[in-house]
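The next block holds one structure in the form of structure tokens; read it before the comments.
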Amino acid sequence: MATREIEPVVLDLNRLENLAESGYYNPYSMFDWPDTIEPGLPWMSESLTTLAGTEMWDELTREQQIALTKYEAINFFSLNIHGIRELLNEVVMRIHERTYADVSEFLHHFIGEENEHMWFFAQFCLRYGGRLYPAQPTLKADSVEHLSPVARELIVFARILIFEEIVDYYNAHMATDQSLPHIAREINRVHHQDESRHVAFGRMIFTNLLAQVSRRDPDEVPAVAEYLENYLQYSIATLYNPAAYRDADIPDALALRRRALEHPARAEAHEQVLKRTRKFLSKAGVGRELIK
Ligand SMILES: [Fe+2]
Ligand SMILES: [Fe+2]
């Protein structure tokens, strides 16, 4: 990691650190894990499944619909687990770098909280779903090799931010969805609470590193915008897991995935999920409108 060329990242994180301390909870005693989940309830909001709004959803039996909410909840939590492992790796590597000395205190909270998130997501998947879905192939790391060290550093934190913002869209919705089993709602609610601090931090560090990239070489900004747009689309596509369709007993999983991803109702749903993040990126000067 060539962080020597990067200026120290100095951010005012007092408020976020105080909130992390005052909101500290014990995840291991926090949840009341039922032995089983009441049958017939959706595990994920029906409106958030990957077939919502399409005729493909209407063509399913009620049994398949409920099974799809169940396996897409397991997929969503599995994506969380893999995403957290990836981001923890990156943050742990940086915590004592000179560049991040000023934000190191917050990063300690961040690492601790993410470890706990990874634990409760896995608990849910293993207790009730009996499995985690394996990690899907990540967007190729070599696609950033042509960028400067500071731009690559920006991309590391941008990936974390984008991942957290997308997840938070789902968490925030499911935190209050009364149709879900209590334990599913609780996990979404608790995660949403911690993530609001992480997203606030993520936006601050992103802004700092983007300013460094723009000062050093403004010509690099469109390349960063292009990478981020690809990452947004890649992240959305990981929600469409053929294994979840198969487990829900829906035939032709791969063809279904293709059809669903291209469906206009789904394109509209993706716009909704990504709206807040795209607005932030555009305002920061690195939106998709820069891509030629
Ligand atoms: Fe998290
Ligand atoms: Fe987080």
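Not measured: the values here are computed from a predicted model. We count ligands from 1, going down the list as the structure has it; atoms in each ligand are counted the same way.
Below the 2.8 Å limit, the Fe ion (ligand 2) has as protein N, O or S neighbours E114 OE2, E164 OE2, E195 OE1, E195 OE2, H198 ND1.
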In sequence, state the C-alpha distance, the side-chain angles, and the governing distance for Y169 and L274, and then conclude on side chain to side chain contact (heavy atoms under 4.5 Å, CB included).
CA-CA 9 Å; Y169 177 90; L274 300 177; over 6 Å; no

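Applying the ring pair (Phe, Tyr, Trp, His ring centres under 6.0 Å) test to pairs two or more places apart or on separate chains, those with a residue in residues 34-62 are W43-F124. Applying the side chain to side chain donor-acceptor pair (under 3.5 Å) test to residues at least two apart or on different chains, the pairs with a partner in residues 109-121 are E113-R197, E113-H198, E114-H117, E114-H198, H117-H191, H117-D194, H117-E195.
Checked against a 6.0 Å centroid threshold, the rings of Y128 and F77 do not count as neighbours.
With sequence neighbours excluded, no residue satisfies side-chain hydrogen bond (donor to acceptor under 3.5 Å, both in side chains) with N80.
Between H270 and Y240, the ring-plane angle classifies as perpendicular under the 30° and 60° cut-offs.
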